[in-house]
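Note sheet for the following structure.
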Amino acid sequence: MANNWRPSRRQVLWAGGLGALALGAGALRRGDQGGAHNGYFLSLQQALKEAGLYRPTLVLDSERLHQNTGRLLSHLNNHFHYRIVGKSLPSVPLINTVRAQTGSRRVMVFHQPFLNLLADKMPDADLLLGKPMPVNAAKRFYAYHTNRAFNPVTQLQWLIDSPQRLQQYGELAAALNQTMRINLELDVGLHRGGFTDAGEVGLAIQSIRQHPQLEFAGFMGYEAHVSKMPGIVGGPEKAMQNAMEFYEACLSAAKGVLKDSFRPEQLTLNAGGSSTYQMYAPGAPCNELAVGSGLVKPSDFDVPYLADHIPAAFIATPVLKTLDSVQVPGLENLAGAWPVLDPNKSRSFFTYGGYWKASPESPPGLTTNSVYGRSTNQEMLNGSDSVQLAVDDFVFLRPSQSEHVFLQFGDIAVFDGHHITQQWPVFQQGA
C-alpha cells in the first residue's frame, strides 16, 4: 500500500526556519536546562515503583496538603467560616481529610452527580451550590436522593442567579412540596452572571419570602477576577474594594426587606477563592470564604496571595521509550539541527499518556515539541543529554488546575513523603 503521508504546512515552515536559524546558532543557542530528579522526586519515584503504579497516576502529597491547610487556618484566624470547594478536591476521602484538618463541614458543589454523592456519603455536610443548576438538574437530585440522614431542607442551598430561575425553582418547590433554601449569586465584578443590581436583589428576597416553600439563605459573590486585575485599572485592591461595596449594598437591600428579622450571622454570606482569600480582613461583609485549589496549588495558582502555599499534587507517568535524537516524520534529515539550535532538544522521551492540563516539572529541562505535536497516548518530551531518564523511570508533571484533572487518573495515590500509603477514589460523573 502506498504511503501518502506528507509533512504539514507547519512542518515545512518549521523546516525552513530551522535551516535558516542554524546559520546563526552560535548566537541563538540556549543553555542546557536538563538534569536529574532531586531528592523529593527520587523518593516519589521509588514510592510509585514500590506500589507497582506503572501508569499515569495523580499523586497527592499528604504532608504538603497538611501544611497548606495549616496556612489556610492561620490566615482565616477564626474571622471567617471556611467552605471546601468540592470541584477542586473531587474525592470523598480527600474532602474528609480536609474536613478533619480544618473542622469545617461546609462544602461547595458544582455538579448534580457530585451533589447526590456527597449527600449520600457525607450526610452531615452543609452543601452550597457553586453555580446555578438547570431546574431539571435540581429535580433529578431529589429523585435520586435516598439517604434520609441528609436533610436538604436544612443542609442544602440552591444558587439562584436571576428572577427567571428563581421562578422556576419556586414552581419546582411547589410541585415537589419541598422546602428549598435559596442563596443568591451576586455579580461582584466577574461578570459571569448573577444579580447586578441591589434593588433587584431586594425584589428577589421579597419573592422568596412570599413563597411558602422557599427560604432566603444568603449570598455568594465569587471574585476570581480580582487577583488578575492590572494596575492600569486599579489592580487587585481596587477590584476587591468594588466587589465588597456591591456586596455591602446587597446586604443593605436584604436588611431593608427583612427588617427586624435580618440576622446576618445566620445567613451564608460566601465569598473568596484560593487566589484572593488572603485579601479578606475582619469587617468584610461576608462571613465565609471558599478555598479548594489553594490546598493543592496547581500552577494556575502561582499568584502573590498564595506565595506561602506549596504544590501538593503531581501527575506521574512512566517513560515508555527513549531516543537519542529528535525526529519528526518527513523531516528526519533535520534531526541534527534541533540540538544545534537548542541543546534541550537533543533527546526524546515518550511517556505513558499525555496532553494533560499540566507542564513537566521533573526532571528539569523537559518540554513538549510543537512541531511533532501532542498526544494523549504517547507524548513526546524533549530534553538535553543531561536529562537522566531511562525506560520505566517516571516523569512528573504539575497540573495547571485540579478540577477535572484529578478525575482523569482513577484513584489518587497518597504519598506521605516516603511511601504510597493510600489510594483514594475520585468522584464519579454519573448519577
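Computed over heavy atoms, backbone and side chain alike; hydrogens, waters and symmetry mates excluded.
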Has [X] got a side-chain atom pairing as donor or acceptor with [Y]'s backbone, closer than 3.5 angstrom?
X	Y	answer
Asp392	Pro318	no
His66	Asn68	no
Ser162	Arg165	yes
Asp393	Ala390	yes
Gln428	Val426	yes
Glu379	Tyr355	yes
Thr317	Val395	no
Ser274	Gly294	yes
Glu63	Asp61	no
His418	Ala47	no

Measure the [atom1]-[atom2] distance between [X] and [Y] for me, rounded to the nearest 0.5 Å.
X	Y	atom1	atom2	value
Leu306	Leu72	CG	CG	10.0 Å
Glu200	Ile205	CD	CD1	11.5 Å
Leu89	Asn96	CG	CG	11.5 Å
Leu117	Ser91	CG	OG	9.5 Å
Gln157	Met180	CD	CE	12.0 Å
Asp126	His81	CG	NE2	10.0 Å

side-chain hydrogen bond (donor to acceptor under 3.5 Å, both in side chains) pairs touching residues 280-300, sequence neighbours excluded, are Arg83-Glu288, Ser88-Ser293, Arg106-Glu288, Glu223-Tyr280, Asn270-Glu288, Ser293-Ser402

Check: [Y] and [X] side chains under 4.5 Å, non-hydrogen atoms:
X	Y	answer
Gln67	Ile310	yes
Phe349	Leu366	yes
Tyr82	Val98	yes
Leu115	Leu129	yes
Phe216	Leu267	yes
Val109	Leu128	no
Val291	Val85	no
Thr57	Arg55	yes

Work out which heavy atom in [X] is nearest to a heavy atom in [Y]; give both atom names and the distance.
X	Y	value
Pro360	Leu397	N-CD2, 3.9 Å
Thr69	Gln101	OG1-OE1, 2.9 Å
Cys286	Leu269	CB-O, 3.1 Å
Phe150	His145	O-NE2, 3.1 Å
Leu184	Phe195	CD2-CE1, 3.9 Å
Gly130	Met108	CA-CG, 3.5 Å

May I have the step-by-step check of side chain to side chain contact (heavy atoms under 4.5 Å, CB included) for Asn183 and Ile160, ending in yes or no?
CA-CA 6 Å; Asn183 191 293; Ile160 297 297; over 6 Å; no

More than 12 heavy atoms of other residues, nucleotides or ligands under 6.0 Å from [atom1] of [X]: is that the case?
X	atom1	value
Asp124	CG	yes
Lys121	NZ	no
Tyr142	OH	yes
His79	NE2	yes

Partner of Trp338 by side chain to side chain contact (heavy atoms under 4.5 Å, CB included), out of Val371, Leu331, Asn344:
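Exactly one candidate clears the test, Val371.
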
Side chain to side chain contact (heavy atoms under 4.5 Å, CB included) between Asn116 and Gln112, worked out:
CA-CA 6 Å; Asn116 281 88; Gln112 175 261 312; 2.7 Å; yes

Indicate, with yes or no, if the rings of Trp158 and Phe141 have centres closer together than 6.0 Å.
yes

Is a salt bridge present between [X] and [Y], judged by a nitrogen-to-oxygen distance below 4.0 Å?
X	Y	result
Arg192	Asp161	no
Arg398	Glu361	no
Arg64	Asp416	no

Does the pair Val405 and Ile315 meet the rule for a side chain to side chain contact (heavy atoms under 4.5 Å, CB included), with working shown?
CA-CA 9 Å; Val405 175; Ile315 297 168; 4.1 Å; yes

Can you check side chain to side chain contact (heavy atoms under 4.5 Å, CB included) on Gln422 and Trp424, steps first, answer last?
CA-CA 6 Å; Gln422 299 179 72; Trp424 290 343; 3.0 Å; yes

What ring pair (Phe, Tyr, Trp, His ring centres under 6.0 Å) pairs are there with at least one residue in residues 376-410, not counting sequence neighbours?
His37-Phe396, Phe41-Phe396, Tyr54-Phe394, Trp356-Phe409

Polar side chain donor-acceptor pair, [X] to [Y], under 3.5 angstrom:
X	Y	value
Glu245	Gln241	yes
His111	Gln429	yes
Ser384	Asp32	yes

Check whether NZ of the Lys or CZ of the Arg Lys131 lies under 6.0 Å from the centre of the six-membered ring of Phe110 and within 45 degrees of that ring's axis.
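Because its charged atom misses either the 6.0 Å distance or the 45° angle limit, Lys131 does not stack over Phe110.
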
Passes side-chain hydrogen bond (donor to acceptor under 3.5 Å, both in side chains), Ser348 versus Asn382? Steps please.
CA-CA 5 Å; Ser348 300; Asn382 297 142; 3.3 Å; yes

